[in-house]
Amino acid sequence: DAGVIQSPRHEVTEMGQEVTLRCKPISGHNSLFWYRQTMMRGLELLIYFNNNVPIDDSGMPEDRFSAKMPNASFSTLKIQPSEPRDSAVYFCASTPDSTSYNEQFFGPGTRLTVL
Amino acid sequence: GDSVTQMEGPVTLSEEAFLTINCTYTATGYPSLFWYVQYPGEGLQLLLKATKADDKGSNKGFEATYRKETTSFHLEKGSVQVSDSAVYFCALSSMDSSYKLIFGSGTRLLVRP
């Protein structure tokens with residue numbers, strides 16, 4: 001079975017550029033989460049969706065960040081414009097149902113470097 | 001709000017040594033507790049979990065017991081291997097936190113041959 005798929009695995013961009021990170025959750029999972037991991041702040045939940053609807057975006061750092069889930073098999077996290085402090089590893093995770101104590105399945109992450 | 005505290009790392013051990021990584025939690029409800037592991041260059045993966053008090057989760061030689069009286073979920077392994085070198089995250093999920101995973105800060109384990 002394919003796990004959570006993220007692309008690209010690595011992204012290097014210059015300050016001010018738009019960055020789009022992509023995620024394909026596990027088929028049949030109804031909930032999707034975006035996390036950011038840095039040495040300084042650890043693992044932070046940015047936003048999560050249930051049945052393609054954003055439920056909690058309180059972790060999104062600022063208006064430069066936006067996330068969409070147009071269908072059950074695809075989500076994007078966009079940063080526009082990007083800044084050096086956005087450099088981090090971004091993880092996507094999915095779970096069958098966020099309304100219970102279900103395991104979250106993580107993708108391999110996208111390592112973003114903003115110069 | 002709910003929170004998880006785990007011991008600072010890094011923890012450095014020799015192969016076959018006994019491992020304990022401490023984890024305590026604060027929660028208003030009755031959370032489920034998890035240990036996730038992150039190997040270098042990979043995402044997190046579930047190692048074990050426990051859903052109610054006195055439950056013991058176990059996997060790959062690792063164990064953790066849900067202690068409600070001490071609000072703890074310490075991770076243990078009797079004999080670590082070099083391949084266990086990774087970052088370990090304790091986490092909780094509860095109805096009060098809308099079933100979101102609340103993670104600790106992670107503990108890096110380095111096992112030397």
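Letters A, B, ... are given to chains in the order of the sequence lines, protein chains preceding strands, and every chain is numbered from 1.
When the shell of 6.0 Å around CD of B:Glu8 is examined, it contains 12 or fewer heavy atoms from other residues, nucleotides or ligands. With a 6.0 Å radius and a threshold of 12 heavy atoms from other residues, nucleotides or ligands, B:Lys52 has its NZ atom at or below the threshold. Counting heavy atoms of neighbouring residues, nucleotides and ligands inside a 6.0 Å radius, atom CD of B:Glu69 exceeds 12 of them. Atom CG of A:Asn71 has more than 12 heavy atoms from other residues, nucleotides or ligands within 6.0 Å.
Using non-hydrogen atoms only and a strict 4.5 Å limit, no part of residues 11-21 of chain A faces chain B. Within residues 104-115 of chain A, the residues approaching chain B closer than 4.5 Å by heavy atoms are, in numerical order, A:Gln104, A:Phe106, A:Gly107, A:Pro108. Using a 4.5 Å heavy-atom cut-off against chain A, the contacting residues of residues 101-113 of chain B are B:Leu101, B:Phe103. Among residues 77-84 of chain A, no residue has any heavy atom closer than 4.5 Å to a heavy atom of chain B.
Hydrophobic cluster membership is shared by B:Leu92 and B:Met7, with clusters built from Ile, Leu, Val, Met, Phe, Trp and Tyr side chains linked at under 4.5 angstrom. Taking hydrophobic clusters as Ile, Leu, Val, Met, Phe, Trp and Tyr residues chained together by side-chain heavy-atom distances below 4.5 Å, B:Leu46 does not share a cluster with B:Tyr25. Both B:Phe34 and B:Val87 are assigned to one and the same hydrophobic cluster, defined by single-linkage of ILVMFWY side chains at heavy-atom distances under 4.5 Å. Two different hydrophobic clusters hold A:Leu43 and B:Val4 under the rule that ILVMFWY side chains link at heavy-atom gaps under 4.5 Å. Note on A:Val4 and A:Met69: separate hydrophobic clusters, where clusters join Ile, Leu, Val, Met, Phe, Trp and Tyr whose side-chain heavy atoms are under 4.5 Å apart, directly or indirectly.
Rounding to the nearest 0.5 Å gives a distance of 6.5 Å between CG of B:Leu44 and CD of A:Gln37. Put simply, CD on B:Gln38 and CZ on A:Phe91 are 4.5 Å apart, with the number rounded to the nearest 0.5 Å. Note that the NZ atom of B:Lys100 and the OG atom of A:Ser58 stand 5.0 Å from one another [nearest 0.5 Å].
Neither the backbone nor the side chain of B:Gln45 comes within contact range of chain A; no heavy atom of the residue lies under 4.5 Å from a heavy atom of that chain.
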